[in-house]
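Fair warning: this is a prediction, and the values are worked out from it, not measured in the lab.
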Amino acid sequence: MEAQMQEPEYKETKSPEATMTDINNQTGTITKIQPPVETQDQLRQYGEQVSRFLATLPEYLGNFFNEYKQPLVSIGLILGAIVGVKVLLAVLDALNDIPLVAPTFELIGIGYSAWFVYRYLLKASTREELTSEITTLKSQVVGKDD
C-alpha cells in the first residue's frame with residue numbers, strides 16, 4: 001500500500017491590500033487607501049479628548065501651583081542647593097588636581113585665619129564688636145530682636 005499525503009485545502013481570499021496592490025501595479029495609477037468611517041470617528045473622538053485636555057491643562061497647572069506653592073518652592077530650593085553643592089565640589093576637586101593650586105589655597109586659608117584672629121579675637125573691644133555683628137546678623141536672619 002502506498003501512503004498518500006493529502007495536502008490541506010486552502011481557500012484563497014483576497015484582502016483589500018492585495019486588490020490595492022493589483023491596482024497599483026497598473027502603470028500610472030496611485031491609489032489612496034481611505035480608512036473606514038468608524039476609524040475616522042474614533043480618531044475624531046480621540047482628537048477631541050486630547051484638545052479638551054490640552055485646553056484645560058494651563059488652568060489645572062495654575063491651580064495646582066497656587067495650591068502647593070510653598071512646598072514646590074521648598075523642594076525646588078532644596079534640589080537647587082543640592083545641585084549647587086555638587087557643582088561646587090566638582091569644581092573644587094578639579095582645581096585640587098591642578099599642581100600648586102591646593103598649596104596656594106592652604107596658604108590663603110592660613111593667612112585669612114591669622115588676619116581674623118588678629119582683627120577680632122586679640123582685644124576685648126574687637127571681641128565685643130564681633131559679638132554685636134553676630135547678634136545683628138542673627139536677628140536679621142531669624143527676624144527677632146533680642
Side-chain angles (χ1 to χ4, degrees), residues 1-117 119-121 127-146:
M1 287 200 159
E2 210 174 284
Q4 288 184 340
M5 296 187 84
Q6 291 183 345
E7 293 186 20
E9 292 183 23
Y10 292 108
K11 287 186 177 180
E12 185 175 333
T13 59
K14 286 195 172 188
S15 66
E17 292 84 15
T19 56
M20 291 297 168
T21 306
D22 294 339
I23 293 172
N24 283 336
N25 285 336
Q26 298 172 2
T27 45
T29 59
I30 298 176
T31 56
K32 273 188 165 178
I33 300 175
Q34 294 292 331
V37 176
E38 59 193 34
T39 305
Q40 289 177 349
D41 290 340
Q42 287 176 347
L43 289 175
R44 188 175 299 117
Q45 287 175 353
Y46 292 142
E48 289 173 1
Q49 288 176 351
V50 168
S51 66
R52 268 187 265 128
F53 173 75
L54 292 177
T56 59
L57 185 63
E59 181 182 344
Y60 173 74
L61 288 177
N63 291 338
F64 181 82
F65 184 74
N66 286 335
E67 188 174 338
Y68 298 107
K69 190 175 199 174
Q70 186 64 34
L72 289 174
V73 169
S74 299
I75 290 171
L77 288 174
I78 290 169
L79 290 175
I82 290 171
V83 169
V85 167
K86 290 228 178 220
V87 168
L88 179 68
L89 290 175
V91 168
L92 288 176
D93 189 41
L95 285 175
N96 199 22
D97 290 340
I98 300 173
L100 295 178
V101 172
T104 305
F105 282 159
E106 288 178 18
L107 286 175
I108 291 170
I110 291 170
Y112 183 77
S113 298
W115 173 83
F116 185 82
V117 167
R119 169 70 175 90
Y120 288 110
L121 301 179
R127 286 193 296 268
E128 289 175 7
E129 180 185 344
L130 179 62
T131 305
S132 68
E133 285 183 24
I134 290 173
T135 306
T136 304
L137 180 64
K138 182 178 149 187
S139 67
Q140 288 175 351
V141 171
V142 176
K144 296 180 184 176
D145 290 328
D146 291 334

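- The CG atom of Leu121 lies 10.5 Å from the OG atom of Ser113; values are rounded to the nearest 0.5 Å.
- Taking CG from Leu77 and CG from Leu72, the interatomic distance works out to 11.0 Å, rounded to the nearest 0.5 Å.
- Residue pairs satisfying the ring pair (Phe, Tyr, Trp, His ring centres under 6.0 Å) criterion with at least one member in residues 40-64, sequence neighbours excluded, are listed as follows: Phe64-Tyr68.
- Put simply, CZ on Phe116 and CG on Leu130 are 5.0 Å apart, with the number rounded to the nearest 0.5 Å.
- Rounded to the nearest 0.5 Å, atoms CG (Asn66) and CG (Asn63) are 6.5 Å apart.
- Under the side chain to side chain contact (heavy atoms under 4.5 Å, CB included) criterion, Ile98 pairs with Leu95, Val101, sequence neighbours left out.
- For residues 127-137, the set of pairs meeting the salt bridge (Lys or Arg N to Asp or Glu O under 4.0 Å) definition, not counting sequence neighbours, comprises Arg119-Glu129.
- Every residue meeting the side chain to side chain contact (heavy atoms under 4.5 Å, CB included) condition with Val50, not counting sequence neighbours, appears here in chain and number order: Leu54.
- Screening residues 70-109 for ring pair (Phe, Tyr, Trp, His ring centres under 6.0 Å) gives no qualifying pairs among residues at least two apart or on separate chains.
- Remark: Val83 pairs with Val87 by the side chain to side chain contact (heavy atoms under 4.5 Å, CB included) rule, at least two apart or across chains.
- Considering CG of Asn96 and CG of Leu92, their distance stands at 8.0 Å, rounded to 0.5 Å.
- Checked against side chain to side chain contact (heavy atoms under 4.5 Å, CB included), Leu89 has the following partners two or more places apart in sequence or in another chain: Val85.
- Each salt bridge (Lys or Arg N to Asp or Glu O under 4.0 Å) pair with one or both residues in residues 44-65, not counting sequence neighbours, appears once here: Asp41-Arg44.
- Inter-residue side-chain proximity for Lys138 and Val141 is flagged as unmet; no heavy-atom pair is nearer than 4.5 Å.
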